[in-house]
Each structure stands twice: as C-alpha cells, then as structure tokens.
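Taking it in order: structure first as structure tokens, then the write-up.
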Amino acid sequence: MQVAQVIVDVPARQTNNPFSYSIPDNLANQIEPGMRVQVPFGNRKITGFVVDICDNSNFDGKLKPISDLIDLYPVINPELLNLADWLADQTYSFKISCLQTMLPGGMRTKNKKKLIAKNQDVIEQHPTIFHGQNEIEYDRGNFDNKTLAQILNLQKAGEIQVEYDLTNHARPIMLRAYKGVLNSEQIDEALKSVRKNAIGQIKLLNILKGQPTDNLLLSKWESMGVTASTLKNAEKKGWVSATSKRHVRNPFLRPVDPSKPFKLHPDQKNAVDSINQAISTQKDQVFLLEGVTGSGKTEVYLQSIAHALEMGRSALMLVPEITLTPQIVGRIRSRFGDQVAMLHSAMSNGERYDEWQRINTGKAKVVVGVRSAVFAPLKNIGLIIMDEEHDSSYKQADNPRYQTRDVAKWRAAYNHCPVVLGSATPSLESRARAMKGVYTLLSLPHRINRHALPHVSIIDMKTEMTKHQSVMSNKLADAIQVRLDKHEQIILLLNRRGYSSFLMCRDCGYVPRCPNCDISLTMHKDTHSLNCHYCGHTEPIPRVCPKCHSKRIRGYGTGSQQLEEQVRNMFPTARVLRMDVDTTRKKGSHEAIIDKFGAHKADILLGTQMIAKGLDFPEVTLVGVLNADSALQFPDFRSSERTFELLTQVSGRSGRADKTGEVIIQTFNPDHYAIKLAQTQDYEKFYATEMRVRHEGKYPPYYYTVKLTGNSPNENQTASEMFGIMNFLKKNLSPEAIILGPTPKTITRINNHYYYQIIIKYRREPKLKPTLDDILIQSQKKQRQGLQIAIDNEPLDFM
Ligand SMILES: Nc1ncnc2c1ncn2[C@@H]1O[C@H](COP(=O)(O)OP(=O)(O)OP(=O)(O)O)[C@@H](O)[C@H]1O
Ligand SMILES: [Zn+2]
Ligand SMILES: [Zn+2]
C-alpha cells in the first residue's frame with residue numbers, strides 16, 4: 001500500500017509534521033509529491049500538500065484514505081518542496097504557509113478546473129471522459145478512481161491540458177487556428193476547380209502552396225487577407241483543418257522594439273566576465289555589483305542573462321515592488337522577447353497564472369518579478385539577479401517573514417549558479433560580507449556618460465525663506481523656473497501622501513485621531529475625507545472643531561496632493577504629473593504616468609518614494625527633495641541608512657544623459673551625517689561612519705537580531721504574555737544574549753489591537769533556535785485566547 005505524507009492546513013492546530021493517509025489502490029503511482037489533496041481530518045475535510053510518498057507495509061490499513069485530488073499535476077516541484085522545509089525553519093513559520101506562499105495568488109484557494117483535449121483523437125478514444133466535447137469541467141464527483149487514474153495518465157502524456165479556472169474574467173480564451181492539409185498536387189487541382197471570381201479561395205490556396213503546414217491563428221490569416229468565412233468554407237471542403245489554441249493573456253501592455261547589446265565599458269566588461277565565468281563553471285558565487293547611479297548595471301545584468309541562456313539555462317531577475325518594473329521589464333523584453341515572463345503584484349490573478357504556467361512548462365526562460373517571484377517554478381536556473389538589493393520590499397512583512405536575498409542564495413546553491421546583488425547603495429549587511437570576502441565585490445565607479453554625479457546643494461529650512469507659505473524654498477522654486485525655461489524636466493520628491501498630514505484646531509489644539517489606532521488622521525482633499533493609513537478608517541473632514549466649535553481648523557504638514565496644488569499655482573504653465581499610492585491604484589496608471597513623462601508630455605513629475613528609484617529619463621536635469629527628514633524622524637537604527645539611500649537614489653535620477661544634472665535637498669537637519677554624505681554621494685564614507693554607529697549600538701551587521709511581536713485586543717493580556725515570553729527567553733538563552741523589552745510598539749494600538757515587542761540581539765546563541773521553535777508551538781495555544789505572536793528573524797526595523 002502506498003502512503004502519502006500530507007502537510008495539512010488547520011489554522012488553529014498547525015504543526016510541521018505531516019499526517020499519513022493511504023492512497024487508494026487504483027490511484028497507486030498516480031499521486032506525486034507537490035500535489036494538493038483533500039483529506040479527512042476529525043469530522044471535516046481539509047486541504048493539504050503531499051510532501052512525500054512512501055511504500056510502506058508497516059501501516060496496517062487503519063489509515064484514512066485521501067478523499068480527493070485538488071491538483072492533477074504537482075504544483076510545487078521537488079526543488080520548491082525542499083525549499084519550503086528550509087524556509088519554515090529559517091522564518092519560524094509553518095510549512096503550510098511557506099507552501100502556500102509559493103503558489104501564485106488565485107491558485108491558493110480551491111478552483112474549478114477544466115480538462116482540454118489535445119486533439120480529436122483524444123476525445124474519441126476517451127468517450128467516458130470527454131463525451132465528445134473538446135473541453136470539460138473537471139468535477140471530482142463525476143469520476144471514479146479508475147477514470148481519474150486515466151485522466152492523470154493522459155495529463156502526464158501531454159494528451160490533455162489541465163486549466164485552473166481562476167475567476168470568470170480569467171477563463172482561458174480559445175482562439176481558432178487553421179492549417180493546410182493538401183499536398184501541392186491537390187492544391188493545383190483545387191485551384192483549377194474554383195471559379196475565377198472566388199478571389200478569397202484563390203488567395204488561400206496560393207498561400208497554402210507557399211507555406212509549411214503550420215497552425216496559424218485566424219488573426220494571422222486575416223492579416224494575409226483571408227477571411228474567417230473563406231476558412232470555414234475551406235474547412236468544409238477539406239482543404240484546411242481547424243483547432244483551438246489557448247490565448248495567453250499578455251500582461252505586457254505595449255510592444256517593445258528589439259535592442260542590441262551595447263559595447264561594454266571596461267568596468268562593465270570586467271563585471272560581466274566574472275559573472276559569466278561563474279555561470280559557465282556552475283559556481284554558486286555571490287557577487288555584490290556596486291555601481292553608482294547611471295553606471296550601467298542593467299546592461300551588465302542583460303549580458304549575463306544572455307550568457308546563461310546561451311549555456312542552455314534560465315535566469316531569474318528580481319526587482320523591487322512596482323516602481324522599477326515598467327522601465328526595466330521593457331529593457332529586458334527588448335533583448336529577450338517572448339522568453340520573458342513577468343510576475344508582478346499589479347497583475348490580475350489570471351495574468352499571473354498564465355505567466356506562472358509559461359514558467360512551469362519551461363516556455364519562459366527569463367523571469368522578471370518582485371519579491372514573490374523568487375519562488376518562480378523555473379528549472380535549471382543559471383543566474384539569479386537582485387536589482388537594488390538593499391530595497392526594503394525584499395523583506396516580507398507577513399508570514400513567512402523571509403528575506404528574498406536568503407531565498408535567492410538557497411536556490412543558487414541548489415541550482416549551482418551565481419547570484420548578483422546590484423545596488424548603488426548596498427545594504428550594510430551585504431557590503432560587510434563583501435569586505436569579509438564572503439561575497440565578491442564588483443564595482444562600477446563611473447557614470448556611463450562620464451559626467452560627474454549631479455551637483456547636490458543642501459538647503460537649511462530653519463533659515464530659508466519660502467514662497468507664499470509653501471513647503472518650497474525660494475532657491476528650489478528659482479531652479480525649477482530655470483529648467484522650465486530651458487524645456488528640461490524636473491522630479492520632486494515629497495515622501496508623504498495625502499493633502500495634509502494632520503488637521504489641527506488653531507484655537508484649542510484639537511487633532512482628529514483614528515478611533516481604532518494611536519495615530520492622527522491624514523487629510524485627503526480629493527476624497528474630502530480624513531483617512532487612517534493603518535486601518536483604513538475614513539471620516540468626513542469637519543468644518544468646525546468638534547471640541548470648541550471654532551472654524552479655525554486647518555491642515556498641517558504638506559502631503560503630495562497639496563504639493564501638486566502649490567506647484568500648479570506657482571508654475572501655472574508647467575505640465576505636472578503626480579505619482580503616489582493614490583494616483584496609481586488603477587491598473588496601468590503607473591505605466592501611463594511613466595510613459596507620459598518619458599515622452600516629455602509633462603515638465604514636472606512629483607511624488608512619494610515611488611519616483612526615487614530606477615527610473616531613467618534623459619531629460620531630467622533637476623531633482624528636488626522637499627523634506628529629506630521624513631525617514632530620519634523614525635526612532636530606528638536603520639533610519640540613517642534609509643535616508644542616505646533614498647537621497648542617493650533620487651539624486652541619481654538627475655543628469656543621466658548628456659546634460660549635467662543638479663539636485664536640491666531641503667532639510668531641517670543639514671548637519672546630520674546621512675544628509676551630508678548624501679550630498680557628496682560618498683557611499684564609502686557613509687559605510688564607514690554607519691558601521692561605527694552600528695558597532696557602538698550593537699546593531700546589525702555586528703549582531704544578529706530577532707523581533708518578537710505580540711498583539712491582542714487586551715493591553716494587559718498582551719503585556720503580561722510578553723513578560724512571560726521574556727522570562728522564558730532569559731531562562732533559556734546565555735547571559736551574552738541581549739533581550740530588550742517587552743515595550744509597547746511605537747504605534748501601540750492598531751485596529752484596536754495592542755502591540756508589544758521584544759528584541760533579541762546576539763552573536764552566537766546555539767539554544768536560540770529550539771527556544772524560539774518552542775515559543776512558536778506554544779503560540780498556537782495562545783492564539784485561541786486571542787493573542788497573536790509573530791517571530792521575525794532579522795527584522796527590517798525595531799519599530
Ligand atoms: N556600454 C554602454 N554603452 C552605451 N550606453 C550604455 C552602456 N551601458 C549602459 N548604457 C546606457 O546608460 C544609461 C544608464 O545605464 P543603466 O540604467 O543601466 O544604469 P544603472 O546603473 O542600472 O542605473 P540606476 O542604478 O541609476 O538605475 C542607460 O540609458 C543605458 O542604456
Ligand atoms: Zn478647537
Ligand atoms: Zn486606524
């Protein structure tokens with residue numbers, strides 16, 4: 001008897017141990033690891049992943065059998081099954097959540113499925129399955145195990161295709177395709193038989209004469225001047241045969257012109273040579289490609305990907321959330337065409353599924369995507385690239401709380417291929433590893449255009465005058481005018497969305513706060529509302545103060561909406577675009593803004609940090625940062641690094657082509673080292689300074705860290721549970737481990753839940769892993785009492 005080991009999905013009773021279920025005899029050898037099944041659990045049926053199959057006669061038949069198959073082929077391949085084990089261990093999360101994370105959204109729930117026959121023969125040979133239809137809905141109730149076994153065999157043999165029906169919109173679209181079936185003599189005969197004025201038919205026959213007999217889509221025939229009705233007629237006469245081809249939704253909104261590789265500059269060539277060497281020798285070496293903004297890192301990626309493809313292998317390129325994607329994807333597609341698949345959070349479930357399918361079946365060899373694409377089912381990976389490796393979007397905030405970099409390195413080791421971490425401002429962790437020789441450092445110290453980096457000036461807002469109560473200094477306003485006069489483009493960064501950051505009564509000082517969270521509400525003028533950016537609460541903007549009824553209630557702290565209004569008033573003839581979360585909600589709006597600005601149909605692009613990174617607009621010669629202090633204000637050990645990185649990245653958008661660029665940074669902290677060093681864009685000095693700060697404060701990369709967060713609707717309960725955990729940690733860890741807290745989080749209450757945290761800092765702590773595993777298992781019981789515990793290995797922040 002065969003036994004399936006199944007990781008089940010029971011939210012309140014999670015465990016990493018699989019449960020055993022018997023496989024019904026007539027499905028023996030049909031079920032594979034990586035398929036999802038339904039199994040009985042208590043008196044319910046639940047879903048789970050098969051992780052192993054064993055032939056074991058020790059089980060005496062008391063095992064309950066698997067009740068249903070959810071997948072008809074493995075949706076998790078052997079590499080990813082292995083990875084899930086490691087990931088669960090690394091991130092203190094349950095295997096089930098790791099496995100679910102690996103599937104594209106939309107496939108995580110139970111979907112309807114369709115079986116599509118490859119051709120007429122399959123339909124005719126299996127009347128009990130297809131009943132003469134080309135495609136049927138797969139419903140488990142309709143088939144006994146024997147028929148199911150037949151279906152599984154057919155799918156393995158490629159005779160039928162299994163489609164997941166994700167939503168109504170995502171239903172596969174079938175297109176008609178026709179191919180010629182006559183030989184040339186038959187064609188000549190047919191030509192003689194048709195009437196002289198049957199122009200369509202004559203045209204079709206002549207095309208058939210010159211063409212190999214491939215299946216061509218109707219649209220293709222139409223582009224050659226053959227109509228659908230001509231083809232239908234020809235089908236009746238037996239000149240052509242018809243089939244249906246599945247239409248793959250195309251997530252790439254616009255066509256891209258092909259591009260040729262550039263002749264590399266010496267630094268670029270050096271980098272490409274080293275990377276390609278590692279690809280050729282199948283070495284899982286990690287490179288840190290440190291290149292100033294505009295130094296041609298992307299070209300290095302492209303030529304290394306080309307080499308991996310030449311070696312018959314695939315390539316995975318990861319980019320940060322949303323911002324970079326449209327421009328970078330365009331550049332990759334222009335080089336590698338249809339081999340490229342994209343995985344992106346702004347895609348629909350259907351689009352993501354289609355791309356996932358193209359990757360899974362080996363049709364797509366190059367994957368470009370955000371964080372979750374690190375789980376793309378690519379096989380035989382020859383190169384993994386992480387662009388902007390320092391970016392915070394690479395760390396997942398929810399379970400499993402993984403760092404993409406670590407997953408990338410795991411996959412590189414598994415596939416015997418190199419990883420390239422690219423950045424102008426590498427994370428301190430990565431740079432420190434490069435200094436120790438764990439990573440190989442490759443550097444691109446010059447801009448491609450050989451211009452110096454843009455000139456950066458700092459404006460002290462404590463002393464600077466501003467125009468008409470605006471957030472803009474006179475100097476910045478003047479500089480904008482100069483560029484407008486020269487028809488050059490400008491980027492303005494204000495890292496705060498909404499209209500005003502809060503509302504305050506000038507008479508009594510009242511500030512409207514969120515009823516569910518410990519935070520003031522943000523004013524949004526377009527929706528005429530006060531919004532909470534944490535829980536989504538909204539309420540109307542009051543006309544009078546709810547407390548003292550004064551009419552003098554006003555917004556404070558300019559957000560991007562208000563900046564847009566101010567800029568339009570100050571420069572009435574300038575064409576202005578705004579890019580932030582609020583203007584890019586609609587699908588395609590992000591690309592639309594980038595396209596419009598790229599085509600110079602606007603003069604000023606303003607927005608939040610979305611505009612800071614990766615964009616490559618040659619006409620931009622001025623970048624203005626309205627409030628460089630936004631990130632510095634956070635009480636966190638990484639706030640200097642974030643500030644330096646943001647300022648350096650946004651400065652890098654200026655002067656990328658033949659015109660020299662300029663940057664103006666407004667700040668209330670002109671003497672802070674992160675701002676001063678961003679002015680000279682001196683990463684080396686920043687690295688040295690910040691490493692000293694981290695050393696003194698016992699922060700990463702000198703110390704490893706873990707953050708434990710607890711929350712519940714009851715503050716006392718949260719606090720006392722967290723004290724219990726702290727005592728447990730103290731008892732189990734060595735005296736060298738530093739345990740901070742429990743303390744309330746910076747924003748203690750979110751959505752009426754109270755948050756407390758404990759930080760552990762350590763250098764070597766062999767007992768930490770078992771202790772935290774224990775806490776994870778214990779947290780299952782606590783969860784039933786309303787307390788949620790999260791363990792974050794190497795958290796991004798201590799807030
Ligand atoms: N060898 C080359 N010859 C000519 N032009 C090049 C070469 N390499 C890159 N370029 C061009 O130089 C510009 C800057 O390069 P690229 O965008 O790749 O830099 P980057 O380092 O990735 O930038 P950033 O990190 O600032 O986003 C691009 O427009 C690119 O097409
Ligand atoms: Zn008031
Ligand atoms: Zn709220």
Side-chain angles (χ1 to χ4, degrees), residues 1-78 80-81 84-85 88 93-103 106-115 128-129 136-153 155-156 162 164-166 399-400 776-781 783-784:
M1 181 188 61
Q2 275 191 324
V3 174
Q5 303 292 336
V6 181
I7 293 281
V8 295
D9 187 8
V10 202
R13 281 189 48 195
Q14 298 202 35
T15 150
N16 278 337
N17 299 326
F19 288 85
S20 300
Y21 290 92
S22 65
I23 296 178
D25 280 342
N26 39 20
L27 286 180
N29 303 319
Q30 298 290 357
I31 296 181
E32 295 172 55
M35 286 181 174
R36 286 173 298 174
V37 290
Q38 267 212 320
V39 291
F41 196 87
N43 48 14
R44 290 178 298 158
K45 293 243 167 81
I46 57 168
T47 60
F49 287 78
V50 177
V51 291
D52 203 4
I53 307 276
C54 33
D55 255 317
N56 203 333
S57 39
N58 290 344
F59 292 99
D60 54 4
K62 272 185 204 147
L63 292 179
K64 288 183 188 161
I66 280 175
S67 21
D68 197 358
L69 279 188
I70 293 178
D71 298 307
L72 302 182
Y73 58 87
V75 290
I76 303 278
N77 69 29
L80 295 177
L81 275 178
D85 286 348
S93 51
F94 289 101
K95 274 181 201 162
I96 188 74
S97 73
C98 296
L99 289 164
Q100 271 157 348
T101 299
M102 291 174 174
L103 288 180
M107 252 174 102
R108 289 175 203 165
T109 47
K110 210 181 164 198
N111 308 107
K112 283 191 187 153
K113 272 173 289 292
K114 269 195 182 148
L115 306 181
T128 50
I129 301 175
I136 54 153
E137 204 163 282
Y138 168 80
D139 185 348
R140 183 67 173 91
N142 297 344
F143 304 106
D144 55 23
N145 280 347
K146 220 176 112 209
T147 320
L148 180 58
Q150 251 178 42
I151 293 175
L152 290 166
N153 275 331
Q155 116 80 24
K156 261 185 231 158
V162 180
Y164 287 74
D165 204 356
L166 298 183
N399 262 333
L776 178 70
I777 297 300
Q778 293 301 319
S779 74
Q780 290 290 297
K781 286 183 206 130
Q783 203 177 334
R784 269 168 269 165

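By convention here, the first residue in the shown sequence is residue 1.
Ile23 is listed as a side-chain neighbour of Ile66, based on a closest heavy-atom distance under 4.5 Å. No side-chain heavy atom of Val39 sits under 4.5 Å from any side-chain heavy atom of Asp68. The closest side-chain heavy-atom distance from Thr47 to Val37 is not below 4.5 Å. Taking the side chain as every heavy atom from C-beta outward, Gln30 and Met35 never approach each other to under 4.5 Å. Val50 is not listed as a side-chain neighbour of Gln5, based on a closest heavy-atom distance of 4.5 Å or more. Contact of the Leu81 side chain with the Phe49 side chain is not registered, since no non-hydrogen atoms from C-beta on lie closer than 4.5 Å. A heavy-atom distance below 4.5 Å is not found between the side chains of Phe19 and Lys64.
The CG atom of Leu152 sits 7.0 Å away from the CG atom of Leu27 when rounded to the nearest 0.5 Å. Rounded to the nearest 0.5 Å, atoms CG (Asp85) and CG (Leu80) are 11.5 Å apart. Atom CE of Met102 is separated from atom CD1 of Ile76 by 6.0 Å, given to the nearest 0.5 angstrom.
Pairs of residues two or more places apart, or lying in two chains, never qualify as salt bridge (Lys or Arg N to Asp or Glu O under 4.0 Å) while including a residue from residues 16-25.
Heavy-atom neighbours of Lys45 NZ from other residues, nucleotides or ligands within 6.0 Å: at or below the threshold of 12.
Across Pro18 and Val51, no two heavy atoms sit closer than the pair CB-CG2, 4.2 Å. Pairing each heavy atom of Ala4 with each of Ile53, the nearest pair is CB-CD1, 4.3 Å.
Side-chain N or O atoms of Asp71 include none that pairs as donor or acceptor with a backbone N or O of Pro74 at under 3.5 Å. At distances below 3.5 Å, not a single donor-acceptor pair connects side-chain atoms of Ser22 with backbone N or O atoms of Val3. Between the side chain of Gln2 and the backbone N or O of Asn29, at least one donor-acceptor pair lies under 3.5 Å. Looking only at distances, a side-chain donor or acceptor of Asn16 sits under 3.5 Å from a matching main-chain atom of Lys95. A donor-acceptor pair under 3.5 Å links the side-chain atoms of Tyr21 to the main chain of Pro40, judged by distance alone.
Every side chain to side chain contact (heavy atoms under 4.5 Å, CB included) that Pro400 has, sequence neighbours left out, goes to Leu87, Thr91, Ser93, Ser97, Cys98, Thr101, Gln396, Tyr402. When the side chain to side chain donor-acceptor pair (under 3.5 Å) test is applied to Asp9, the partners found at least two apart in sequence or on another chain are Gln100.
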Could you go through Val75 and Arg36, starting from their C-alpha distance and side-chain angles, then the distance that decides it, and tell me whether this counts as side chain to side chain contact (heavy atoms under 4.5 Å, CB included)? CA-CA 8 Å; Val75 290; Arg36 286 173 298 174; 4.0 Å; yes
Would you check, one step at a time, whether the test side chain to side chain contact (heavy atoms under 4.5 Å, CB included) holds for Leu115 with Ile151? CA-CA 9 Å; Leu115 306 181; Ile151 293 175; 3.8 Å; yes
